[in-house]
Number of protein chains: 2
Amino acid sequence: MTHAVRHDAMRAGNLAVVLGALDRRGPLTRAALAEATGLSKTTVSKLVGDLIEAGMAVERGTVGDGERGRPGMAVGLSGHRVAALGLEINVDYLAGCVVDLSRTVRLLRTQATGNRSGAPAEVIGRLRTLAETLLAEAAGLGLSVAGCIVALPGPVDQATGNIHRAPNLGWRDVEVPGLLELPLPVLADNEANLAALGELWFGSGAALGDFLHVSGEIGIGAGLVVEGALFRGAHGYAGELGHVVVSPDGPQCRCGATGCLERYAGQDALLTPEENMTGLVARLHAGDATALAACEKAGTALGVALSSAVNLFDPDTIVLGGIFAPLFPWVSGPAEATLHRRLGQMRARVPAVVVSQVGADGASLGAAGQVIQRIIADPGAFLLAPQR
Amino acid sequence: MTHAVRHDAMRAGNLAVVLGALDRRGPLTRAALAEATGLSKTTVSKLVGDLIEAGMAVERGTVGDGERGRPGMAVGLSGHRVAALGLEINVDYLAGCVVDLSRTVRLLRTQATGNRSGAPAEVIGRLRTLAETLLAEAAGLGLSVAGCIVALPGPVDQATGNIHRAPNLGWRDVEVPGLLELPLPVLADNEANLAALGELWFGSGAALGDFLHVSGEIGIGAGLVVEGALFRGAHGYAGELGHVVVSPDGPQCRCGATGCLERYAGQDALLTPEENMTGLVARLHAGDATALAACEKAGTALGVALSSAVNLFDPDTIVLGGIFAPLFPWVSGPAEATLHRRLGQMRARVPAVVVSQVGADGASLGAAGQVIQRIIADPGAFLLAPQR
DNA sequence: CCGATTTAGTCTATGTTGTGGACTAAATAC
DNA sequence: GTATTTAGTCCACAACATAGACTAAATCGG
């Protein structure tokens, strides 16, 4: 239900409207803010005053654009006080970052460690150490970290932040947020979802329109961003592109079905057991026929699965991330050709296939960005937060 | 952007909160409403007064449940004044209905006419006559019709309500809402989307959880309902289940691709040119081997396409409507078996496949219901509407 | 160089809305 | 028949946004 609107909710809502306008339209004068939001100058002045006092906005000097009249004082988001922590647990690394309110990356650490079949408590302990280091450094920068989201490689219960199962880690039903024991609110989300948001805020962003972000790792996940917000299915199991049908009579998949995309374009299908991604890319550059054929096949299969996804989701753009980012030159051609072959006649516009602009840090950046997004959407809840 | 909250918006929001509570939780006393919404008794009393005056709510008598204390006066949605018009243009019929605020169907008319390759102006003229008849009858019942939505068999631009192309009607870029020239606000939407909403409000409804509604006609469309709201892709082209891949090397489809679901389970794939649906069902009941085999094949193909859709959308339930409703006994078995085969090992819960509870009127009912939904979500805009 | 004009931002009186608590109404409990 | 309990209304008050007057600081034109 839409919640009851009392006076305090009205104020909180308008605070969010002003902060949101600053976020989307860059620095603005109070007069321009009043124009943009439809609020009166008086109200905007009061709200801006509160935001400045809370360290969420700053005056950025007068804008004397040569026009007549008194020049306005530009007000913009301030990255000097409020910040967010993003963390990621993946199969072979841990990552963490601190992003400030203006979505500037202030700190970023990656730690290569084998977490495959590591005990949850042990892995989470290492992540806690990483997080505490980042929090201490953030405090040194004068930043007040308001919250944290952890990216996890598997479906996450949105209500609790617990991960139901992470096949690639060998985990089942682990209460990650609780076990982290950090002195701030902690939530968790699916790595594929957060990588899509990372692309939105730290990659090509709004230029993509509504986009489907494909994050191939061991499995292949996809996150859909519609009008700047993530589409989540019913229970966080949406976007499982890896098990979309490519050919119903295809090879057996570990999921029990046959002919899933993962069998054609998953990491295990492309790499030989003793080879890593760098090796494969080297072979591709050298013109190795086997490697080129495998990528051609993977790209075509990806195109088939994506054509189904486009029919169902209807995105403007498709972004290839994860393992498909380094393989993009070899995979995107066949994928795009297949998309055009299957969709070109029916649709006025076939989605473009582009490469992700954020690397492996996409998920942790998206996690921190999501915290920032929540703060901007409801700054009232953070105005009274302790300042360092 | 979230819109600025002024005093009038605060009041409008609270009106919506109260009306929404009445809609979802049935008749309630003012005291119970205050409890449910978090508003004070005073405020609830004032808001309820306005709603009663506007004819959107009525007192339904005291609830003397034997408890101590003064008995409360139950207040419920009133279906006596505000209503909505739903229309549908399909290949071989026109349909129209009037639904009141309490989502009771007050009037329902279907008109069998061949609209395939009929000139838009002519077909819309017939629809206008139908609409005007319904509006006159509604006025006779004391109903004030606040708005209208038209269901169309093809992708619809949400901003304008114009249909871009309707292959089964042979239409391109027709401004249906404008051409109707009705004396009330008219919008349009995709037939598959509205049929899904029809199932939500006039069929099995909330018991389904988040569901995917498959509406097979000539083409096969799907509408996804998440938390009581429709998921729309980027431009209203989402949910094209008919062109999801079943087998990439399958037969040529009219869309230019190969092996689309439509070629296995579309109306044209199941019926011989000289046969209609009734004939097919009769043959199935008689045990005709060819017909049974065709349905088995269609059901399996549907299961394959749906397994991809479930991987991407993650619904709780799948509802089969349109041509799949009469064919349900023969199609659902193979479809469900295929879903279990492909998804059973990976997912804790495979979506149940159920039959639609609303017939061919689903889309026009959903259209009217959507208007009602909008009124309930923002009653403020209709409080000053002319009363009959 | 100085007044007219224009735009930015603040200040003050006012209006709308929701709230808490006092008050009235109408039932059951003893 | 009185005490108790719950429903609903009334009234004084508080929170917030607003309109318009007012001050501040620039450009324009002579």
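Convention: sequence-line order gives letters A, B, ...; per-chain numbering from 1.
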Pick the nucleotide of DNA chain C nearest each of A:Arg6 and A:Arg30; which residue has the one closer to the 5' end? A:Arg30
Relative to the 5' end of DNA chain D, which residue comes earlier, A:Val44 or A:Gly69, by the nucleotide with the nearest heavy atom? A:Val44
Are any of A:Asn14's side-chain N or O atoms less than 4.0 Å away from OP1 or OP2 of D:dA17? yes
Base, sugar-phosphate alone, or nothing: which one does B:Thr43 contact when heavy atoms must sit under 4.0 Å apart? base
Name the orientation class of the two ring planes belonging to B:Phe231 and A:Phe231 (parallel below 30°, tilted from 30 to 60°, perpendicular beyond 60°). tilted
A:Ser204 side-chain N/O to A:Ala207 backbone N/O, donor-acceptor pair under 3.5 Å: no
Distance, rounded to the nearest Å, where B:His3 contributes NE2 and D:dA17 contributes P: 15 Å
To the nearest 0.5 Å, atom CG of A:Leu51 lies from atom NZ of A:Lys46 at 13.5 Å
Confirm from the modelled atom types if B:Ser40 and D:dG8 form a donor-acceptor pair under 3.5 Å, side chain to base only. no
Nucleotide range of DNA chain C lying under 4.0 Å from chain B heavy atoms: C:dG15 to C:dA29
In this structure, how many angstroms lie between the C1' atom of D:dG8 and the CZ atom of B:Arg70, rounded? 5 Å
Assign each of B:Lys46 and A:Gly38 to its nearest nucleotide of DNA chain D by heavy atoms, then name whichever residue's nucleotide is nearer the 5' end. B:Lys46
Does atom CD (B:Glu137) have a neighbourhood of more than 12 heavy atoms from anything else shown, all under 6.0 Å? yes
Tell me: NE2 of A:His7 to C1' of D:dA15, nearest whole Å? 5 Å
Nucleotide of D:dA26, D:dT27, D:dT4 approaching A:Arg68 most closely (side-chain heavy atoms): D:dT27
Out of D:dC28, D:dC16, D:dC11, minimum distance to the side chain of B:Thr42 belongs to D:dC11
With distance as the sole test, does B:Asn14 use its side chain to make a donor-acceptor pair with the main-chain N or O of A:Val5 at under 3.5 Å? yes
Any salt bridge between B:Glu53 and B:Arg81, counting N to O under 4.0 Å? no
Report the C-alpha distance between A:Leu141 and A:Val98 in whole Å, list the side-chain angles of each, state the deciding distance to 0.1 Å, and finish with yes or no for side-chain contact (heavy atoms from CB on, under 4.5 Å). CA-CA 11 Å; A:Leu141 292 169; A:Val98 171; over 6 Å; no
Pick the nucleotide of DNA chain C nearest each of A:Ala31 and B:Lys41; which residue has the one closer to the 5' end? A:Ala31
Which part of the nucleic acid, if any, lies within reach of B:Thr29 when heavy atoms closer than 4.0 Å are counted: base, sugar-phosphate only, or nothing? sugar-phosphate
